[in-house]
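Worksheet for the structure shown next.
Only this structure's heavy atoms are used, side chains among them; waters, hydrogens and symmetry mates stay out. Nothing here was measured: the structure is a model prediction, and the numbers come from that model.
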Amino acid sequence: MEKAEGAFLTISELASELDLPQHILRYWETRFTQLRPLQRSGNRRYYRPADVALVRRINHLLNVEGFTVRGAQKALADGGGEPPAAPAPKNGETAPHADLLPRLEAIRTLLARAIGE
């Protein structure tokens, strides 16, 4: 049975969702002061929705964007760790990567032909 949206997650549920070992989440608690899940008897951790969002952001910074722990700490402290917004196009210009998806699809088609799919 799945939990309702906004329900607290245990450390095992969150670790499983992110495909991370539980000790990594406990380590992050020591390095990111913003991350403070509820702790009940026996030090059982319960992650609130805000904690879950923060852990996902930390995971993204460290494991997707390649930040170091110190770099991720700085990113979170400086601007909440949110990725910078793309600059708005000026007078009639298109967004800088507006044609990226069609170009990538064309490359995928070429690669599929090259390997005979």
Side-chain angles (χ1 to χ4, degrees):
M1 182 171 128
E2 279 201 29
K3 288 191 171 187
E5 184 70 27
F8 290 13
L9 297 179
T10 64
I11 191 168
S12 62
E13 291 168 336
L14 186 55
S16 177
E17 178 183 313
L18 297 174
D19 196 28
L20 292 169
Q22 293 178 25
H23 72 268
I24 296 295
L25 296 177
R26 288 193 287 283
Y27 172 73
W28 288 352
E29 289 174 29
T30 68
R31 296 292 170 231
F32 296 93
T33 58
Q34 307 94 320
L35 182 57
R36 290 287 164 232
L38 293 175
Q39 290 192 1
R40 297 286 186 225
S41 62
N43 284 334
R44 298 190 68 177
R45 288 166 170 80
Y46 293 95
Y47 290 84
R48 297 168 283 229
D51 297 321
V52 172
L54 179 58
V55 167
R56 287 182 181 141
R57 184 64 190 138
I58 291 168
N59 185 49
H60 184 79
L61 287 170
L62 296 173
N63 298 319
V64 176
E65 294 186 34
F67 278 68
T68 62
V69 170
R70 181 166 285 169
Q73 289 168 334
K74 184 169 176 15
L76 289 170
D78 289 349
E82 295 303 316
K90 297 177 186 171
N91 304 343
E93 291 180 2
T94 59
H97 301 293
D99 66 335
L100 186 59
L101 184 59
R103 289 181 14 213
L104 289 173
E105 288 173 341
I107 292 168
R108 181 177 59 192
T109 302
L110 287 172
L111 290 172
R113 284 188 202 141
I115 60 173
E117 287 188 350

Using only atom types and a distance under 3.5 Å, with no angle test, would you say the side chain of [X] pairs donor to acceptor with the backbone of [Y]?
| X | Y | result |
| --- | --- | --- |
| Arg36 | Glu29 | yes |
| Asn59 | Arg56 | no |
| Thr30 | Tyr27 | yes |

Shortest non-hydrogen contact from [X] to [Y]?
| X | Y | result |
| --- | --- | --- |
| Ala15 | Pro21 | CB-C, 4.3 Å |
| Phe67 | Ala75 | CE2-CB, 3.8 Å |
| Ser12 | Gln22 | CB-NE2, 3.3 Å |
| Glu13 | Leu9 | OE1-CA, 3.3 Å |

In this structure, which one of Leu35, Leu61, Thr33 forms a side chain to side chain contact (heavy atoms under 4.5 Å, CB included) with Leu76? Leu61
With sequence neighbours excluded, what pairs up with Thr109 under the side chain to side chain contact (heavy atoms under 4.5 Å, CB included) test? Arg113
Check this for me: does any side-chain nitrogen of one of Glu65 and Arg57 sit under 4.0 Å from a carboxylate oxygen of the other?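 A salt bridge links Glu65 with Arg57.
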Between [atom1] on residue [X] and [atom2] on residue [Y], distance to nearest 0.5 Å:
| X | Y | atom1 | atom2 | result |
| --- | --- | --- | --- | --- |
| Ile11 | Tyr47 | CD1 | OH | 4.0 Å |
| Leu110 | Ile115 | CG | CD1 | 12.0 Å |
| Leu18 | Leu14 | CG | CG | 4.5 Å |

Between [X] and [Y], is any pair of side-chain heavy atoms under 4.5 Å apart?
| X | Y | value |
| --- | --- | --- |
| Leu20 | Trp28 | yes |
| Arg26 | Arg45 | yes |
| Pro37 | Arg48 | no |

Before giving the answer on side-chain contact (heavy atoms from CB on, under 4.5 Å), spell out for Phe32 and Val55 the whole-Å C-alpha distance, their side-chain angles and the decisive distance to 0.1 Å. CA-CA 10 Å; Phe32 296 93; Val55 167; over 6 Å; no
Is atom CZ of Arg44 surrounded by more than 12 heavy atoms (other residues, nucleotides or ligands) closer than 6.0 Å? no
